[in-house]
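Just below is one structure, and these are the notes that go with it.
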Amino acid sequence: MRRVVAVRADESLVDLAAMSAGLNLGPVGFPRDMLDLISAGQTMTYFLDLCQEAIDAGRSDDYTLAAGSARYLAPIPRPTKIVCVNSNRANSNVELLEPKWGGVWPRPQFFLKAPSAVIGHEEHILVEPQMGPVQPEGEMCLIIGRQARRLTKENALDHVAGVSLLGDYSASTFGLQDGVILHISSKDGVEDFINRPMARAKGVDTFSPIGPWLIPLTALPDLGSIRLTTDMVDADGKRLTIQDGTIGEQRFTPAEALVTITEWMTLEPGDVVALGAVSNVPGRHLRDNNMAEYHNGAIELHGSGIGTLRNPITVCADGESTALPPAVMQRRLHS
């Protein structure tokens with residue numbers, strides 16, 4: 001049975017719908033799922049305040065679950081779309097690629113990831129040999145709370161229900177295989193333009209974990225101060241930090257990203273906007289990191305004030321079955 005839960009200080013989980021029914025905190029049956037909760041607007045804020053008061057008063061004990069007994073789904077297991085901001089980290093080299101823009105990109109660039117790539121906290125990432133190197137990028141994402149179109153910087157965040165962490169993982173070889181060189185005529189002659197479609201590289205099953213929680217935006221008044229780190233952990237537990245930076249260091253703010261996206265694209269409640277990778281550790285490029293080298297290890301994304309999203313890594317040997325793990329398959333059959 002799916003439940004929307006809150007986490008207590010002792011790391012036990014509280015079934016919000018059960019507590020709501022038992023203590024008469026909200027409408028009957030509310031919330032049915034996370035989308036039901038975030039679509040409620042101000043009702044969500046009021047309801048969560050009542051839940052927090054009940055937890056603080058010690059009235060939630062009859063509605064708790066042990067953390068170890070739960071299987072974590074992504075906060076929104078099936079968003080209608082995942083929109084990702086491209087090359088948003090401060091030390092990206094895009095200005096070297098596009099000097100005609102004066103050393104900066106004029107607006108956020110973005111691409112889409114497949115909703116079928118979404119998995120939750122502690123679910124396995126599956127890597128197959130033919131993928132080649134798999135590049136990891138840890139990001140913060142926004143979960144949309146109400147329909148958004150033609151937003152402004154002033155009202156953009158009013159449409160966000162909360163934030164979470166997202167792993168944007170890429171089978172880089174697929175991106176190279178799918179690339180084509182276009183010869184485009186212009187007033188200055190013919191220019192070569194490399195087009196690298198990213199749908200296959202970015203849309204692989206299990207390559208978009210989201211979690212561990214949705215943190216309401218009201219609990220995070222300063223998004224720019226949130227620090228994200230990404231650690232690769234090998235099978236022996238040795239840890240390597242590959243990213244470390246804050247949201248405030250990124251090229252474009254969350255509001256600026258939303259303004260650009262919604263100029264032509266409507267965002268629906270439950271849609272996910274990934275803000276792009278934070279800075280890589282000095283002296284280490286993101287392409288230096290390969291998840292295919294971490295069989296039986298894990299990748300951990302940590303966001304201050306958000307939590308830690310952890311996913312074990314399984315590298316399938318040649319000829320080995322690449323069927324999805326039972327937990328992933330069960331979630332997909334019942335989504």
Side-chain angles (χ1 to χ4, degrees), residues 68 71-74 77 82 84 111 113-139 141 164-179 196-212 228-244 274 277-278 280-281 284-303 307-333 335:
R71 179 169 61 85
Y72 296 89
L73 301 179
I82 305 168
C84 303
F111 59 90
K113 284 189 73 121
S116 54
V118 174
I119 57 174
H121 175 58
E122 290 291 356
E123 291 194 87
H124 283 249
I125 297 163
L126 300 182
V127 177
E128 302 181 30
Q130 61 268 38
M131 294 176 184
V134 176
Q135 176 183 328
E137 295 181 73
E139 308 183 7
C141 64
S164 192
L165 301 176
L166 178 145
D168 175 23
Y169 306 141
S170 310
S172 301
T173 298
F174 291 170
L176 295 172
Q177 291 173 341
D178 296 344
R196 290 183 57 194
M198 293 188 283
R200 186 163 68 115
K202 299 279 191 178
V204 175
D205 287 344
T206 75
F207 274 27
S208 188
I210 304 175
L228 268 62
T229 57
T230 300
D231 287 356
M232 302 300 303
V233 185
D234 68 17
D236 297 322
K238 185 179 178 181
R239 185 177 299 269
L240 174 66
T241 299
I242 61 172
Q243 289 175 277
D244 187 349
V278 296
N280 44 286
V281 171
R284 189 172 186 85
H285 193 279
L286 285 179
R287 293 190 182 278
D288 295 335
N289 309 303
N290 179 11
M291 295 171 66
E293 299 173 350
Y294 283 83
H295 178 55
N296 288 335
I299 182 167
E300 296 182 3
L301 282 52
H302 178 75
T308 299
L309 172 64
R310 180 184 185 277
N311 292 97
I313 299 169
T314 298
V315 180
C316 304
D318 287 328
E320 184 180 355
S321 170
T322 57
L324 293 173
V328 180
M329 182 60 74
Q330 182 181 16
R331 174 179 60 77
R332 298 207 169 165
L333 290 175
S335 293

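Everything numeric in this text was worked out from a predicted model, so none of it was measured.
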Taking the side chain as every heavy atom from C-beta outward, state whether [X] and [Y] have any pair of such atoms under 4.5 Å apart.
| X | Y | value |
| --- | --- | --- |
| S116 | D205 | yes |
| S208 | L166 | yes |
| R71 | E122 | no |
| I82 | C84 | yes |
| D231 | H302 | no |

Which heavy atom in [X] sits nearest to a heavy atom in [Y], and how many Å separate them?
| X | Y | answer |
| --- | --- | --- |
| A274 | C141 | CA-CB, 3.9 Å |
| V118 | A74 | CG1-CB, 3.5 Å |
| E137 | A277 | OE1-CB, 3.4 Å |
| L228 | E139 | CD2-C, 3.4 Å |

Residues which pass side-chain hydrogen bond (donor to acceptor under 3.5 Å, both in side chains) with [X], listed by chain and number, not counting sequence neighbours:
| X | answer |
| --- | --- |
| N311 | none |
| S170 | K202 |
| Q243 | T230 |

Could you tell me the separation between the [atom1] atom of [X] and the [atom2] atom of [Y], rounded to the nearest 0.5 Å?
| X | Y | atom1 | atom2 | result |
| --- | --- | --- | --- | --- |
| I313 | T206 | CD1 | OG1 | 10.0 Å |
| Y294 | I125 | OH | CD1 | 13.0 Å |
| R200 | M198 | CZ | CE | 14.0 Å |
| K113 | Y169 | NZ | OH | 9.0 Å |
| T241 | N280 | OG1 | CG | 12.5 Å |
| N289 | M232 | CG | CE | 7.0 Å |

Keeping [X] on the side-chain end and [Y] on the backbone end, is there a donor-acceptor pair under 3.5 Å?
| X | Y | value |
| --- | --- | --- |
| D234 | D236 | yes |
| H121 | L73 | no |
| S164 | G211 | yes |

Across all chains, not counting sequence neighbours, the side-chain contact (heavy atoms from CB on, under 4.5 Å) partners of A292 are V127, N290
For D288, all residues meeting side-chain contact (heavy atoms from CB on, under 4.5 Å), sequence neighbours excluded: R284, H285
Under the salt bridge (charged side-chain N to carboxylate O under 4.0 Å, His left out) test, which residues partner E300, sequence neighbours left out? R239, R310
